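Here's the structure, in structure tokens; my notes come after.
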Amino acid sequence: MLNKIPRLTNDTIDSFKNMDFVDIANIIIAKFIGKIISQEKLQQIVNNALNFEIAIENIVNNDYICYLDRGPTCSFKDFGARTLARIMEHFLEVDDKNITILTATSGDTGGAVAQAFYKMYRIKVVVLFPKNEVSNLQRKQMTTLGENITAIGIKGKFDDCQKLVKSAFGDKELNHINLSSANSINFGRLIPQTLYYFWGYSRIVDKKNEKVIFSVPSGNFGNLTGGLIAKKMGLPIKRFISAVNENNEFPKFLKTGVYTKVDPSINCISNAMNVGHPSNLARIFDLYGGKIDEKGVIHKIPNMEELRNEVVSYSISDGATKDAIVNFYNKYKKIIEPHGAVGWAALQLYRDSYPKNNDIKSLTFETANPSKFPEEIIKLIDIVPKMPYSLKVIQDKSEFPNPKEIINYTDFKEYLLEDFQD
Ligand SMILES: *Cc1c(COP(=O)(O)O)cnc(C)c1O
């Protein structure tokens with residue numbers, strides 16, 4: 001799929017500066033699926049899916065922040081999940097089919113997917129989450145919905161949830177349930193994640209073909225993959241900064257050409273980025289002519305020179321992340337949350353290392369809302385971050401109980417079979 005990425009002309013990209021987000025989004029998504037969906041339908045999907053603000057602020061000199069935290073679950077995952085949900089729903093209508101989405105989450109994905117598919121009755125969603133490792137708010141984003149959404153808390157880690165999901169996908173006796181995934185390597189989730197690169201670019205450049213630097217807080221590398229696709233489509237990007245927390249497998253790989261996953265992954269305060277072996281790495285290798293398998297074994301080394309030219313990566317410790325939150329507030333009187341802070345801190349390292357590029361504009365993504373991390377923010381800068389309405393209403397809702405205690409795969413399979421008997 002990735003070997004036929006469509007190109008946009010420089011003129012088309014230049015014309016984006018006079019368009020609003022939805023029009024840009026329509027043009028880009030149509031490049032991928034325009035042959036199999038009407039323009040009118042696509043417009044309706046994009047209008048419904050991406051109906052929230054994407055603010056961009058100039059922070060200092062040539063450095064901007066793009067806020068991807070204004071969707072219903074206040075994480076950038078709303079872009080991919082909401083667009084994917086509506087595209088899937090459309091094609092299921094056309095084919096008169098029903099499916100079940102199984103997904104495992106470490107926190108943010110589950111909420112975004114659950115909210116995105118809520119009340120789409122051709123699609124059942126079962127989300128597995130590690131019950132002792134998600135925040136109250138993250139859990140409530142999944143457990144307060146009901147209807148076609150079932151969230152099941154598992155005693156264990158994210159990896160245990162993922163194993164259950166993988167076993168179900170490989171189980172022939174569940175074929176009749178039409179299982180599908182909505183995980184971050186899904187192409188339908190990656191395409192919407194190119195949109196805000198084009199949008200952000202179009203809002204900050206002055207000249208045609210001007211190059212921009214993007215700093216991308218990275219965990220499973222879906223966001224970065226979206227950016228790399230945008231670049232291959234023709235967006236003039238000087239460099240990507242892949243900003244990771246203490247899970248530093250990717251910057252180490254870029255430096256040495258040797259890949260070693262971080263196992264078990266390290267718990268950092270930017271918890272949506274605690275990934276020791278990103279599943280989108282396979283996509284990135286693919287984009288640069290390499291091949292890596294699920295276990296992290298490299299079968300073909302990608303073009304390292306090209307990759308290093310396009311992407312730099314920095315690992316930011318929790319200490320440095322906290323410093324970034326404090327400094328950002330002291331300097332600019334604005335609150336940045338841990339994931340965005342990793343991106344901002346990495347940008348500072350880049351600026352220090354490449355002063356000759358100081359006249360090139362940069363855009364750092366803020367990927368979550370600060371109010372999702374109140375304890376940390378209060379501890380660091382003594383301010384209670386304001387909670388957006390979409391999170392406030394969830395806080396007060398009551399939760400649906402676990403439908404079944406699931407200890408092992410047999411329990412999970414039993415649950416799926418019982419639930420789909422009719
Ligand atoms: C998922 C997530 C990330 C990491 O994005 P990837 O696409 O997995 O690299 C960063 N920040 C937040 C808030 C997230 O939810």
Side-chain angles (χ1 to χ4, degrees), residues 1-3 77 80 101-110 113 127-130 133 154 156-172 174 179-190 193 216-226 228-229 242-268 270-304 306-308 311 313 315 406 408-410 412-413:
M1 184 101 73
L2 287 183
N3 51 19
K77 293 191 173 65
I101 288 184
L102 281 191
T103 193
T105 183
S106 56
D108 275 354
T109 302
V113 168
V127 190
L128 303 184
F129 63 94
E133 293 192 8
I154 304 285
K157 294 185 84 73
F158 167 65
D159 288 344
D160 300 309
C161 300
Q162 189 130 46
K163 270 183 209 143
L164 290 172
V165 167
K166 281 195 176 152
S167 303
F169 279 119
D171 191 336
K172 287 198 180 70
L174 297 176
L179 295 177
S180 175
S181 91
N183 62 23
S184 72
I185 60 167
N186 189 304
F187 206 63
R189 254 181 79 182
L190 288 174
Q193 287 170 192
V216 189
S218 301
N220 233 331
F221 284 71
N223 196 348
L224 181 69
T225 306
L228 295 172
I229 294 172
S242 168
V244 301
N245 60 25
E246 292 172 26
N247 293 280
N248 62 355
E249 64 283 351
F250 187 65
K252 267 193 168 163
F253 166 69
L254 271 189
K255 199 166 165 192
T256 62
V258 178
Y259 180 74
T260 316
K261 57 185 172 184
V262 175
D263 185 23
S265 58
I266 299 166
N267 279 335
C268 295
S270 49
N271 62 7
M273 290 161 35
N274 293 340
V275 182
H277 177 43
S279 43
N280 281 293
L281 215 52
R283 295 275 195 198
I284 294 175
F285 267 57
D286 199 30
L287 285 169
Y288 292 88
K291 193 168 166 42
I292 186 170
D293 68 20
E294 256 185 39
K295 296 201 172 81
V297 179
I298 296 178
H299 296 273
K300 190 171 171 226
I301 192 93
N303 183 335
M304 293 303 288
E306 193 189 344
L307 187 56
R308 286 177 180 136
V311 186
S313 184
S315 165
I406 289 171
N408 51 34
Y409 179 63
T410 313
F412 186 43
K413 181 172 178 175

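Quick caveat: nothing in here was measured; it's all calculated off a predicted structure. We're numbering straight along the sequence, starting at 1.
- Screening T109, T225, V275 for a side chain to side chain contact (heavy atoms under 4.5 Å, CB included) involving N220 leaves a single residue, V275.
- Contact annotation: the side chain of T103 never approaches that of V165 to less than 4.5 Å [non-hydrogen atoms, C-beta and beyond].
- Centroid-to-centroid, the aromatic rings of Y259 and F285 stay 6.0 Å apart or farther.
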Residues S265, N274; criterion side chain to side chain donor-acceptor pair (under 3.5 Å); working and verdict: CA-CA 6 Å; S265 58; N274 293 340; over 6 Å; no
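- In this structure, the separation between CG on N245 and OG on S270 is 3.5 Å, given to the nearest 0.5 Å.
- Heavy atoms only, all atoms of each residue included: L174 and K413 are closest at CD2-CG, 4.3 Å.
- To the nearest 0.5 Å, atom CZ of residue F169 and atom CG of residue D171 are 12.0 Å apart.
- Between L102 and A168, the closest heavy-atom pair is CD1-CB, 3.5 Å.
- The CD atom of E133 lies 6.0 Å from the CG atom of N267; values are rounded to the nearest 0.5 Å.
- Using a 4.5 Å heavy-atom cutoff, the side chains of V113 and T105 are not in contact.
- Between the side chain of N280 and the backbone N or O of R283 there is no donor-acceptor pair closer than 3.5 Å.
- Here the closest heavy-atom approach between residue I298 and residue I301 is recorded as CG2-N, 3.9 Å.
- Looking only at atom types and distance, the side chain of H277 has no donor-acceptor partner in the side chain of D263 under 3.5 Å away.
- Within the model, atoms CD1 of I101 and CG of L179 stand 10.0 Å from one another, a figure rounded to the nearest 0.5 Å.
- L164 has its side chain within reach of I154: a pair of non-hydrogen atoms, C-beta onward, lies under 4.5 Å apart.
- Using a 4.5 Å heavy-atom cutoff, the side chains of M273 and P217 are in contact.
- We find that D286 and K291 are not joined by a salt bridge, their nearest charged nitrogen and carboxylate oxygen being 4.0 Å or further apart.
- Annotation: side chain of N247 is in contact with side chain of E249 (closest heavy-atom distance under 4.5 Å).
- Between the side chain of D108 and the backbone N or O of A272, no donor-acceptor pair lies under 3.5 Å.
- Nearest heavy atoms, K261 versus K295: NZ-O, 3.1 Å.
- Residue H299 comes nearest to D293 through the heavy atom pair NE2-OD2, 2.9 Å, listed as atom of the first residue, atom of the second, then distance.
- A distance-only check finds no donor-acceptor pair linking the side chain of S313 to the backbone of F250 [under 3.5 Å].
- Using a 4.5 Å cut-off on side-chain heavy atoms (C-beta onward), V244 and F221 make contact.
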L228 vs V311, side chain to side chain contact (heavy atoms under 4.5 Å, CB included): CA-CA, chis, key distance, verdict: CA-CA 9 Å; L228 295 172; V311 186; 3.9 Å; yes
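- L224 is listed as a side-chain neighbour of S242, based on a closest heavy-atom distance under 4.5 Å.
- Not a single donor-acceptor pair under 3.5 Å links the side chain of N248 to the backbone N or O of P251.
- Using a 4.5 Å heavy-atom cutoff, the side chains of M304 and F253 are in contact.
- Without hydrogens or angle criteria, K300 side chain to G289 main chain gives a donor-acceptor distance under 3.5 Å.
- Across all non-hydrogen atoms, the minimal contact from A282 to I292 is CA-CG2, 3.7 Å.
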